[in-house]
Asker: 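Structure provided below as structure tokens; questions to follow.
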Amino acid sequence: MSDSESDAGDQTAGIEHFDGPVENAWLLKIPEFKPEDNPNGLLEESSFSCLFPKYREKYIKECWPLVVKALSTHHIKADLDLILGNMTVRTTRKTWDPYIILKARDLIKLLSRSVPFEQAVKVLEDEIGCDIIKVKNLVANKEKFVKRRSRLIGPNGCTLKSLELLTNCYVLVQGATVSAIGPYKGLQCVRKVVEETMKNIHPIYNIKALMIKRELMKDENLREENWERFLPRFQSKNTTKRNKPKVVKKKKEYTPFPPPLQDSKIDKQLASGEYFLTDEQKRSKKRQEQVDKEKRDATVQKERRERDFVAPEETNRRTAKANSADTPLDVKSLKGKIAKANKRAAKS
């Protein structure tokens, strides 16, 4: 083997194919960071704090020994203050991984967002990350926000479960945030689906596209090709605008004169002569109008009641017989009826 061939083999030895939902995802294998790579440790102490709500106090207090044990393996010290409702993580002199403090910060953030410890502790792994998506600011109307958030969860959580299976991520919808834990490529897909759902795009469209990508990834011939021709294209249709007929507003002719003044109540009374009537005459007029209205209503009601007692028109029997005599007699049907009657009589 020549030197060039050995060099090419060394370069491609660390390349592994990423089996995920994203097309053309070729990634270099990241070597593991060990204590021997940083024997001197960190120069300065780093710390992060996070507040947690009151309803999470009981659960965090119960699982805090597990949190301390998980962080102590990475030489991270954790403190819990139940009076202030605060969690703090900080590095020690033995800490050799500079990035582990950010992982510990993500751990306490997830615990404060109602993520169970069994899922939150996975964020300490190298290939696992987390993403806390704030969704409340994406929708201005509160009713629309609640509706779209429930659409993301789906009936009995089936939409959220299918998203977890396709992205290999744990997703939790809590209040105004969506917490996701999993591989980095899966977190990108989760963020895209969540943001588009809050922009009134149904999550089933993105889930269908992820399913198609997952099937295309299994085909070795299509791994390096563009997948746009296979993915469905969904166009948003505004049904409210389509159903309503288009109304063309006609422009009024411009006139420099102002519109005529409307008649006031006194002007109308002057025109009808009611203004000059006395109070007694006004009362008698109003009483007479009420009597006339009652008479009209009574006549209408009487007509409606009498309508039910009107007898229907009866047809004359003689005219009916005459009409039947004019029609020709069907001999075959008559013979069939007689035969059926004879059969019934013989059976009985």
Asker: Compare all side-chain heavy atoms of Val89 with those of Ile108 and state whether any distance is below 4.5 angstrom.
Answerer: yes
Asker: What's the shortest heavy-atom distance between Cys50 and Asn86, and which atoms?
Answerer: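 Taking Cys50 first and Asn86 second, the nearest heavy atoms are O-OD1, 3.0 Å.
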Asker: What distance do Glu289 atom CD and Lys293 atom NZ have between them, rounded to the nearest 0.5 Å?
Answerer: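 The NZ atom of Lys293 is 11.5 Å from CD of Glu289, to the nearest 0.5 Å.
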Asker: Taking the side chain as everything from C-beta on, heavy atoms only, tell me whether Cys130 gets closer than 4.5 Å to Leu110.
Answerer: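 In contact.
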Asker: With a 4.5 Å cut-off on side-chain heavy atoms, are Leu166 and Met211 touching?
Answerer: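 Yes, their side chains come closer than 4.5 Å.
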Asker: Output yes when Lys192 and Glu195 qualify as a salt bridge under the 4.0 Å nitrogen-oxygen rule, no when they do not.
Answerer: no
Asker: Kindly indicate whether the side chain of Leu210, heavy atoms from C-beta on, has any atom under 4.5 Å from the side chain of Leu163.
Answerer: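 They are in side-chain contact.
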Asker: Got a second to check how far Met217's CE is from Asp219's CG, nearest 0.5 Å?
Answerer: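 Reported value, rounded in 0.5 Å steps: 11.0 Å.
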Asker: Run Arg56 and Ser112 through side-chain contact (heavy atoms from CB on, under 4.5 Å) and show every step you take.
Answerer: CA-CA 7 Å; Arg56 290 289 291 171; Ser112 65; over 6 Å; no
Asker: Looking at Arg283 and Glu280, is any side-chain nitrogen of the basic one under 4.0 Å from a carboxylate oxygen of the acidic one?
Answerer: yes
Asker: Treating Glu164 as the side-chain partner and Val171 as the backbone partner, does any N or O pair qualify as donor plus acceptor under 3.5 Å?
Answerer: yes
Asker: Please check if the side chain of Lys103 supplies one atom and the backbone of Ile128 the other of a donor-acceptor pair under 3.5 Å.
Answerer: yes
Asker: For residues Gln288 and Asp292, is any side-chain donor paired with an opposing acceptor at under 3.5 Å?
Answerer: yes
Asker: Find out whether Ile76 and Thr95 are in side-chain contact, i.e. whether some heavy atom of one side chain is under 4.5 Å from a heavy atom of the other.
Answerer: yes
Asker: Rounded to the nearest 0.5 Å, how far does CZ of Phe52 lie from CZ of Arg113?
Answerer: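 It comes to 13.5 Å.
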Asker: Do Arg304 and Gln301 have side chains that get closer than 4.5 Å, going by heavy atoms?
Answerer: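 Side chain of Arg304 against side chain of Gln301, heavy atoms only: contact under 4.5 Å found.
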Asker: What's the spacing between Thr255 OG1 and Glu253 CD if we round to 0.5 Å?
Answerer: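 Output value for this atom pair is 8.5 Å.
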Asker: Taking only residues two or more places apart in sequence or in another chain, which ones pass salt bridge (Lys or Arg N to Asp or Glu O under 4.0 Å) with Asp267?
Answerer: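 Partners of Asp267 by the salt bridge (Lys or Arg N to Asp or Glu O under 4.0 Å) criterion come out as none, since no residue qualifies.
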Asker: Which of these passes side chain to side chain donor-acceptor pair (under 3.5 Å) with Ser49: Asp79, Thr88, Asp81?
Answerer: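 Single side chain to side chain donor-acceptor pair (under 3.5 Å) partner of Ser49 among Asp79, Thr88, Asp81: Thr88.
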Asker: Measure the CD-OG distance between Gln174 and Ser179 for me, rounded to the nearest 0.5 Å.
Answerer: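 One gets 8.0 Å once the value is rounded to the nearest 0.5 Å.
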Asker: If you measure only the distance, is there a donor-acceptor pair under 3.5 Å linking the side chains of Arg151 and Asn200?
Answerer: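 There is such a pair (donor and acceptor under 3.5 Å, judged by atom type) between the side chains of Arg151 and Asn200.
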Asker: Salt-bridge test for Arg191 and Asp131: reply yes if a basic N is under 4.0 Å from a carboxylate O, no otherwise.
Answerer: yes
Asker: Any side-chain heavy-atom pair from Thr177 and Ile133 closer than 4.5 angstrom?
Answerer: no
Asker: Can you measure from CD (Gln281) to CZ (Phe276) and round to the nearest 0.5 angstrom?
Answerer: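 Separation between the atoms: 12.5 Å.
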Asker: Could you tell me whether the side chain of Asp297 reaches within less than 4.5 Å of the side chain of Glu294, counting heavy atoms only?
Answerer: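 Side chain of Glu294 against side chain of Asp297, heavy atoms only: no contact under 4.5 Å found.
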